[in-house]
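For reference, the structure is listed below as C-alpha cells.
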Amino acid sequence: MVRNGGRLLVECLIALGATKSFGVPGESYLAVLNALHDTAGRLDYVLCRNEGGAAFMASAYGKLTGSPGICFVTRGPGATNAAIGVHTAMQDSCPMILFVGQVGTDMKGREAFQELDYRAVFGTLAKWAVEIDDVARLPEIIARAWTTALAGRPGPVVVALPEDMLSTVTDVAPLDGPATLFEPAPAGAAVAAARTALAQAQRPLLLIGGANWSAEGRAALQAFAEGSDIPVVAAFRYQDQFDNHSPVFVGEAGVGMAPHVKALIREADVILAVNVRFGEMTTDGYTLLSVPAPRQRLIHVHASDREIGKVYVPALGIVAGPNAFAGALAPVVGKWGDWRRTARAAYEASFEAPAQPSPVDMVAVSAWLRDTLPDDVILTNGAGNFTVWPNKFFRFGRRARLLAPQSGAMGYGLPAAIAAKVAFPGRTVVCFAGDGDFQMNCQELGTAMQAGAQPIVLVLNNGVYGTIRAHQERAYPARVSGTTLENPDFVGLARAYGFHAEHVRSTADFADAFGRALASPTGAVLELAISAEALTPRQTLSQMRDAALASQKAHA
C-alpha cells in the first residue's frame, strides 16, 4: 500500500499503542493533521490553545499513564513554546514524544521561515532529538523514539518532521507493534549485599522516586518496607508513589522540606535510594548528603546507569528497574523501631498548623479535602507557595495520584488536569493554582471545554506572586517590587469558557461550593479569597518582614 509520510507516521503511532495526542496546528505538518482526520477513536487529537500547554499535557499524560505522551507542534515559535513541556518531562523522568514541523529539506540551512536546528535546540533539553531525512526510515525512527522515551530513565524525545518527508509517498510498511520491554533485574548478589547493609544499620532509610512504578512494584516495595519497619521518604513530588497511610511512610523530601525529614536524611546511616534522581530539592541543595562521597552509606538503585554516581558515589550501585528490584527484596530485621515510630509521629504532626489569617483558611480546607475526596483522586499543581497545600497537607493512598512538576514550572497544573481528564474521564481531578500560576495557561480552559475534559480548578487568589514575595521580604524587607498582581474576574473568565464558576469568600462557604463543583457536568473553577498574609502555613508575610528587618538592624 502506498501512503505519504504523514499517514505512515500516524499508522506507526497507532500500532505502537498511542491513543491520545495533544497539539496546536501548523502548516508544517498538514499531512499529519490530514491523516488524523480518519483516526478518531483510535488516535485522538486534543486541540490546545498554546504549544506550552499542549506540551505540558503530553508530559503529564506520560507521567500518569506510563505511555509516551504525544504532542504535535509547528516549527519555530511552536517548538520554542513547547520547550517548557520538554524540560518538565525530562526533570520528571516521564515518557513523551514531541513531533515538530520543519522546513523542507531543500530549504535547510538558509534560515528559512521559522527554521531551527532541532538537534541543537533540544539536544540538552531532551533525552534524544532527531530529524527525519528519509521517509523510508520513518518507522525505524518512530520505533526508536518510542523505546527511548520508555527505557532506562524515561524522558522526552523530539522528532523533527520536514514538510517534504510528510508529503512524500512511500510503500514502506508501518510498524506492527511496540517492542516488549523488560526492566533490568538485579543480580542476586546485589540484592543480598543491599539487604546485608540494611540489616547492619541502626538508622536505615528508604528513599523512593520516579513515576515508572507498576502496581505490583509499589505493593512489593510497601511489603518490604512494612515487613522491615523501615521509614520511607518520597523524593520531591513523588509522594503519590507510596501509600501515605502506611505506618512506615514519613514524608516528602522537597521544597519546604519538613525539619524531621531533613533530620532523617542527615542522620540515617544507611539510605536505600530506589528510582531516585538526586535533584537539588530532594537533597536540600545537595547539603543533606555530601558531594561526592556521602557520610551515609548509600545504596542507589536505578534503571539507568547514567544516574548512578552522577552526583553521589554510592557504596552500592545497582542497575535495576524499580519494580524488578522491589520484587526481589525480602524483609530485613533490625532494632530501629523507635527510629521509625518517631519519624511517623513527626509526619502526623506535620499536618497541624495554626488557623490562617485569611478569609478562606487553607488549613481547614485541606483537612476537609483529605476527608472528602475519593481514594482515586488526581491532584495537580504548577508552582508557587500555594503548592504546599496539595503537596504537604494531603495524604495519597494507593490509588490517588499527584501531577506536579519537578522543574517548578508555573502553569503546569491546569494542562496536567486536562490531560488527566482525557486519560481518565470518570475520575475526580482537582487542580490547585495560584492566581499568577493560573494565568500562565488559563486559556487552556478552552481546550478543556472543547475536549469535554473539564476538571475542578481551585484558584487561590492572594494578589501576589507568593513565592517571590516571600523571598523578597526575607532578602529585601518592605521593598516590594514587581510581585503584586492586579487580576481579572476569574469567575467571569471561567464562565465564558463554559465552566461552572463561583467565588468562595469564606472558609464556611467552601464545602457547599465544592459540592456544586463536583456535581457540575462542565467542570468548575472556584476562586478562593486568600490573604497575602497567609503566604506559608506557619509564618505570615508580616512576620517574615519583621524578622528580616530585625536581622538587618542587628547586623547594621
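Computed from a predicted structure; not experimentally measured.
- Here the side chain of Ser214 pairs a donor or acceptor atom with the backbone of Gly217 at under 3.5 angstrom.
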Between Phe22 and Ile70, does a side-chain contact (heavy atoms from CB on, under 4.5 Å) hold up when you go through it step by step? CA-CA 6 Å; Phe22 306 87; Ile70 305 299; 6.0 Å; no

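- The distance from atom CD1 of Ile141 to atom CD1 of Ile132, rounded to the nearest 0.5 Å, is 5.0 Å.
- Formation of a donor-acceptor pair under 3.5 Å by the Lys63 side chain with backbone atoms of Ala404 is found in this model.
- Under the 3.5 Å distance criterion, with hydrogens and angles disregarded, a donor-acceptor pair is assigned to the side chains of Arg277 and Gln406.
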Evaluation steps, side-chain contact (heavy atoms from CB on, under 4.5 Å), between Ile265 and Leu289: CA-CA 8 Å; Ile265 297 173; Leu289 295 86; 3.6 Å; yes

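- Of the N and O atoms on the side chains of Asn381 and Thr387, not one donor lies less than 3.5 Å from an acceptor on the other residue.
- With hydrogens and angles left out, the side-chain atoms of Ser28 and Thr74 include a donor and acceptor closer than 3.5 Å.
- Checking side-chain atoms of Arg218 against main-chain N and O of Arg398 turns up a donor-acceptor pair under 3.5 Å.
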Apply side-chain hydrogen bond (donor to acceptor under 3.5 Å, both in side chains) to residues Thr105 and Asp164 and explain how you reach the verdict. CA-CA 7 Å; Thr105 56; Asp164 54 328; 2.5 Å; yes

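- Atom CG of Leu414 is separated from atom CD of Gln443 by 8.0 Å, given to the nearest 0.5 angstrom.
- Between Phe99 and Tyr29, the ring centre distance reaches or exceeds 6.0 Å.
- Checking each of Leu221, Leu272, Val319 against Phe325 for a side-chain contact (heavy atoms from CB on, under 4.5 Å) leaves exactly one that passes, namely Leu272.
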Is there a ring pair (Phe, Tyr, Trp, His ring centres under 6.0 Å) between Tyr45 and His37 once you walk through the steps? CA-CA 9 Å; Tyr45 181 81; His37 180 274; over 10 Å; no

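- Other residues, nucleotides and ligands contribute at most 12 non-hydrogen atoms within 6.0 Å of the CE atom of Met107.
- A donor-acceptor pair shorter than 3.5 Å cannot be found between the side chains of Ser67 and Thr65.
- In this structure, Lys127 contributes its side chain and Arg153 its backbone to a donor-acceptor pair below 3.5 Å.
- Between Phe432 and Phe386, the ring centre distance reaches or exceeds 6.0 Å.
- Side-chain atoms of Asp243 come within 3.5 Å of backbone atoms of His245 as a donor-acceptor pair (strictly under, hydrogens ignored).
- Remark: the backbone N or O of Arg399 is not paired with any side-chain donor or acceptor of Asp240 at under 3.5 angstrom.
- Aromatic ring orientation, Phe56 versus Tyr412: perpendicular (interplanar angle above 60°, classes split at 30° and 60°).
- Of the possible polar contacts, one joining the Arg49 side chain to the Gly446 backbone as a donor-acceptor pair under 3.5 Å is found.
- A distance-only check finds no donor-acceptor pair linking the side chain of Ser407 to the backbone of Gln91 [under 3.5 Å].
- A donor-acceptor pair under 3.5 Å is absent between the side-chain atoms of Glu131 and the main chain of Val159, judged by distance alone.
- A centroid separation of less than 6.0 Å is found between the aromatic rings of Phe396 and Phe394.
- Of the N and O atoms on the side chains of Glu163 and Gln102, not one donor lies less than 3.5 Å from an acceptor on the other residue.
- Side chain of Asn441 to backbone of Glu444: no donor-acceptor contact under 3.5 angstrom is found.
- Ion pairing between a basic and an acidic side chain is recognised when a charged N comes within 4.0 Å of a carboxylate O; Glu11 and Arg3 show such pairing.
- Ring geometry for Phe438 against Phe490 counts as perpendicular: the plane angle is over 60°, on a 0 to 90° scale with 30° as the lower cut.
- To the nearest 0.5 angstrom, Thr39 atom OG1 is 7.0 Å from Asp44 atom CG.
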How far apart are the C-alpha atoms of Thr428 and Leu518, what are their side-chain angles, what is the distance that settles it, and do they pass the side-chain contact (heavy atoms from CB on, under 4.5 Å) test? CA-CA 8 Å; Thr428 299; Leu518 276 175; 3.9 Å; yes

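- Ion pairing of Glu252 with Lys392 is present here, as a side-chain N (NZ or NE/NH1/NH2) and a carboxylate O approach within less than 4.0 Å.
- Around atom CZ of Arg137, no more than 12 heavy atoms belonging to other residues, nucleotides or ligands sit under 6.0 Å away.
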